[in-house]
Trainee: 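Let me give you the structure first, and then I'll get to my questions.
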Amino acid sequence: MIDLVIFGATGDLAARKLFPALYELEAARYLPSEVRILGVGRKPWSNEEFIQHLRQSLQEFQEPLDGEVAERLLGRAAYHSMEYTPEGFRSLAEASADSSLFYLSLPPDAFPTIGVGLGQAGLSEQTRGFRRLIVEKPFGEDLQSALSLQKTLTQYWDESQILRIDHFLGKEAVQNILVFRFANSWLEPLWNARYIAQVQITAAESIGIEGRGAFYDKVGALRDMMQNHMMQLLTLSALEPPPRFEADLLSNEKVKALRSARPLSPEDIVRGQYQGYREEAGNPQSHTETFAALRLYLDNWRWKGVPFYLRTGKALSRKNTTIALQFRDPPTQLFADSSIDPGSGWVELELQPKEAMHLEVQVKTPGLQFASRPVTLTTPTGNGNRLELSAYATLMLDALKGERSLFIRFDEVEYAWRLLEPVLHTPCPTETYSVGSEGPGGQHYLMEPHHRWRPL
Ligand SMILES: NC(=O)C1=CN([C@@H]2O[C@H](COP(=O)(O)OP(=O)(O)OC[C@H]3O[C@@H](n4cnc5c(N)ncnc54)[C@H](OP(=O)(O)O)[C@@H]3O)[C@@H](O)[C@H]2O)C=CC1
Ligand SMILES: O=C1O[C@H](COP(=O)(O)O)[C@@H](O)[C@H](O)[C@H]1O
């Protein structure tokens with residue numbers, strides 16, 4: 001038997017994302033028959049109460065829902081109520097299988113207690129099977145806390161057993177960045193400072209904090225999105241090709257990209273907060289940013305001098321996650337007085353809400369004059385989500401298989417924190433922006449002359 005042990009199984013993430021992901025795996029018959037789902041929590045629930053909670057979560061968050069598949073999944077589920085004490089972990093050791101995947105789906109304050117508790121109960125030992133630990137984000141709240149969490153966990157867990165999750169890496173569209181870059185021989189030679197003038201990475205959300213105020217107000221956009229998802233998009237866009245597609249070789253390249261970043265200064269960041277956030281978060285004095293934009297430079301051979309502009313925010317005009325690169329202008333303007341827009345020449349990977357690639361090219365303006373105009377070639381890169389697994393389903397399946405290339409190695413976390421550290425603790429003005437807008441106006445002051453943000 002293999003146990004998928006979900007700590008925090010009574011919580012929000014489990015209900016919204018993890019149970020539906022398990023349902024998807026069950027529906028696709030990807031979940032090996034020997035896998036049991038063991039929910040763990042402090043709530044004194046019986047097996048029946050947990051199974052009922054799982055059923056209700058699927059009814060609420062899984063669409064479409066096939067009753068037969070749901071019942072198959074429920075048939076694998078059990079609950080273990082425990083306090084996070086040595087005695088509690090001993091009881092778990094008796095109840096759980098020799099091969100176990102422990103998923104820490106609870107508030108980050110609890111990560112050290114559970115990691116150590118499992119270790120002390122012998123549950124990190126791999127003498128009779130595998131033992132792996134999935135750790136949710138955020139991994140620390142700054143560099144020091146991340147280093148300290150790592151030190152605590154590695155008293156009992158080897159790095160190869162720890163799977164730090166960043167659900168963006170489970171998205172097909174994010175995995176497509178590498179394929180797009182390295183499987184197209186026409187494109188790769190152009191993907192550098194010689195041909196690219198600027199890179200813009202945007203993760204805009206239309207939703208606000210959605211009842212997560214107590215959590216979000218301590219975190220803000222820099223810690224919630226920038227340190228993890230945005231840094232992953234940055235490294236995947238900027239890294240050198242690894243010699244082979246292997247987890248450690250890929251992580252090496254991501255870390256190299258992060259380590260080449262020029263140190264940030266306060267002029268490289270703009271923060272915003274949407275109107276009404278303070279009331280929603282229940283903190284009238286809050287300066288927590290719900291929007292952050294950064295300008296950064298990677299001082300390496302490939303990217304020297306190219307600005308990377310990153311922005312992420314909530315309560316914006318629409319959900320839109322993109323990576324866009326602008327090609328440099330041709331060396332001479334052959335077509336006099338043409339209608340070439342200085343803001344054109346983009347290749348854009350749209351990651352969400354649609355998965356698509358957009359390539360802007362110049363074609364002749366019809367008529368007697370030789371002038372050019374931009375047209376956009378668009379091709380969908382996904383399959384309309386019909387056959388795709390959700391990000392969490394992909395990652396859980398990889399975790400069960402022990403495949404680590406879509407998980408984050410500690411030095412990726414470390415160097416992402418190191419990069420942000422200079423702007424993380426310094427007080428910085430937060431500009432208010434309207435709900436449903438493009439974000440604070442100040443974001444435009446980050447840009448170099450002739451650069452401007454693409455519309456959301
Ligand atoms: N919710 C989301 O959308 C997302 C969440 N995450 C991450 O996932 C993890 C879980 O998030 P979420 O489900 O929202 O968290 P919740 O606040 O819903 O907590 C999950 C469960 O953890 C247990 N718990 C709560 N506080 C503590 C504590 N101090 N010590 C031990 N156990 C505790 C509770 O279960 P019980 O009382 O039964 O023990 C609770 O039901 C977090 O690390 C979060 O950052 C990441 C991305 C998105
Ligand atoms: O991790 C997080 O991500 C979501 C955005 O994820 P997406 O898959 O919907 O793009 C964000 O809303 C949340 O605040 C953050 O914690």
Side-chain angles (χ1 to χ4, degrees), residues 5-21 39-46 49-50 53 57 61 79-85 88-89 92 103-117 134-141 149 164-174 201-233 277 281 288-292 312-316 318-322 350-355 385 388 390-395 408:
V5 182
I6 303 180
F7 285 93
T10 61
D12 183 70
L13 182 75
R16 279 177 197 276
K17 300 286 184 188
L18 305 188
F19 300 155
V40 172
R42 298 164 305 175
K43 293 188 181 64
W45 287 0
S46 63
E49 283 170 303
F50 176 63
H53 168 71
S57 307
F61 298 112
Y79 184 71
H80 186 82
S81 166
M82 62 181 275
E83 290 299 324
Y84 301 133
T85 57
F89 285 104
L92 180 65
Y103 195 130
L104 306 190
S105 174
L106 26 64
D109 299 352
F111 295 170
T113 312
I114 312 280
V116 168
I134 301 188
V135 185
E136 256 300 336
K137 67 166 260 278
F139 196 93
E141 58 185 38
L149 175 58
R164 291 174 203 81
I165 214 160
D166 180 316
H167 79 274
F168 267 42
L169 294 184
K171 292 176 190 271
E172 281 278 326
V174 173
I201 303 178
T202 296
E205 295 184 84
S206 53
I207 56 168
I209 51 170
E210 295 209 301
R212 292 171 75 209
F215 160 79
Y216 193 88
D217 204 47
K218 286 189 258 151
V219 177
L222 278 177
R223 292 179 172 88
D224 186 45
M225 292 288 291
M226 195 64 89
Q227 189 274 341
N228 34 74
H229 307 321
M230 298 299 283
M231 288 295 141
Q232 287 299 317
L233 297 184
Y277 166 80
T288 300
E289 76 285 347
T290 59
F291 176 101
T312 181
K314 290 195 180 284
L316 297 171
R318 70 185 192 103
K319 186 170 179 79
N320 186 25
T321 308
T322 57
E350 180 180 352
L351 310 176
Q352 304 183 113
K354 293 201 284 287
E355 296 173 35
N385 287 334
E388 285 173 17
S390 68
Y392 277 98
T394 302
L395 293 174
I408 301 176

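Read the numbers this way: they start at 1 and go in the same order the structure lists the ligands and their atoms.
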Trainee: How far is atom 12 (O) of ligand 2 from the closest protein heavy atom, and which atom is that?
Mentor: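 Ranking protein heavy atoms by distance from atom 12 (O) of ligand 2, first comes E205 OE1, 2.6 Å.
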Trainee: Pairs under 3.5 Å, N/O atoms on ligand 1 and on the protein: can you put them in a table with the distances?
Mentor:
residue, atom, partner, partner atom, Å
ligand 1, 1 (N), D12, OD2, 2.8
ligand 1, 13 (O), D12, N, 3.2
ligand 1, 13 (O), L13, N, 2.8
ligand 1, 18 (O), D12, N, 3.0
ligand 1, 24 (N), R42, NH2, 3.3
ligand 1, 35 (O), T10, OG1, 2.9
ligand 1, 37 (O), R42, NH2, 3.2
ligand 1, 37 (O), K43, NZ, 3.0
ligand 1, 38 (O), T10, OG1, 2.8
ligand 1, 38 (O), R42, N, 3.2
ligand 1, 38 (O), K43, N, 3.3
ligand 1, 38 (O), K43, NZ, 3.3
ligand 1, 39 (O), R42, N, 2.8
ligand 1, 39 (O), R42, NE, 2.8
ligand 1, 41 (O), T10, OG1, 2.8
ligand 1, 41 (O), G11, N, 3.3
ligand 1, 43 (O), L106, O, 3.0
ligand 1, 43 (O), K137, O, 3.3
ligand 1, 45 (O), K137, O, 2.8

Trainee: What are the two closest heavy atoms between D217 and T288, and how far apart are they?
Mentor: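 Closest approach of D217 to T288: O-OG1, 2.7 Å.
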Trainee: Taking E136 for the side chain and S105 for the main chain, is one N or O donor matched with an acceptor at less than 3.5 Å?
Mentor: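 No; judged by distance alone, with no hydrogens or angles, the pair does not exist.
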Trainee: With a 4.0 Å cut-off on heavy atoms, is F168 touching ligand 2?
Mentor: yes
Trainee: Relative to the heavy atoms of K314, which atoms of ligand 2 are at a distance of less than 4.0 Å?
Mentor: 11 (C), 12 (O), 13 (C), 14 (O)
Trainee: Where do H167 and L395 come nearest, in terms of heavy atoms and distance?
Mentor: CA-CD1, 3.7 Å
Trainee: Give the numbers and elements of all ligand 2 atoms closer than 4.0 Å to a heavy atom of D224.
Mentor: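 In order of number, 13 (C), 14 (O), 15 (C), 16 (O).
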Trainee: Considering only heavy atoms of Q352, which atoms of ligand 2 have at least one such atom less than 4.0 Å away?
Mentor: 8 (O), 10 (O)
Trainee: Sub-3.5 Å donor-acceptor pair from the side chain of Y79 to the main-chain atoms of P44, do we have one?
Mentor: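 Side chain of Y79 to backbone of P44, a donor-acceptor pair under 3.5 Å: no, none is there.
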Trainee: Using a strict cut-off of 4.0 Å, indicate which atoms of ligand 2 neighbour a heavy atom of K171.
Mentor: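 Close to K171: 7 (P), 8 (O), 10 (O).
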Trainee: For atom 2 (C) of ligand 2, what is the nearest protein heavy atom, given as residue, atom name and distance?
Mentor: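 The protein heavy atom lying closest is H229 NE2, 3.4 Å.
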Trainee: Just which atoms of ligand 2 are under 4.0 Å from any heavy atom in R212?
Mentor: 13 (C), 14 (O), 16 (O)
Trainee: Closest approach of L222 and A292, non-hydrogen atoms and distance?
Mentor: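 Nearest pair, atom of L222 first, then A292: CD2-CB, 4.0 Å.
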Trainee: Tell me the protein heavy atom at minimum distance from atom 6 (O) of ligand 2, and give that distance in Å.
Mentor: H167 NE2, 3.2 Å
Trainee: For residues L149 and P112, determine if any side-chain heavy atom of one lies less than 4.5 Å from a side-chain heavy atom of the other.
Mentor: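 Yes, their side chains come closer than 4.5 Å.
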Trainee: Counting neighbours of NZ on K137 that are heavy atoms of other residues, nucleotides or ligands and sit closer than 6.0 Å, is the number greater than 12?
Mentor: yes
Trainee: Can any side-chain N or O of T290 pair as donor or acceptor with the backbone N or O of G313 at less than 3.5 Å?
Mentor: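 Answer holds: no.
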Trainee: Among K319, E210, M225, which one has a heavy atom closest to atom 9 (O) of ligand 2?
Mentor: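 Closest candidate by heavy-atom distance is K319.
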Trainee: Can you confirm whether more than 12 heavy atoms, excluding those of E141, are under 6.0 Å from its CD atom?
Mentor: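 Result for CD/E141: open.
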Trainee: For a 4.5 angstrom cut-off between non-hydrogen side-chain atoms, does D12 reach F215?
Mentor: no
Trainee: When you measure from the side chain of Q232 to the backbone of H229, do you find a donor-acceptor pair of N or O atoms at a distance under 3.5 Å?
Mentor: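 Not confirmed, Q232 side chain does not pair with H229 backbone.
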Trainee: Counting from 1, what ligand 2 atoms have a heavy atom of K137 closer than 4.0 Å?
Mentor: 1 (O), 2 (C), 15 (C), 16 (O)
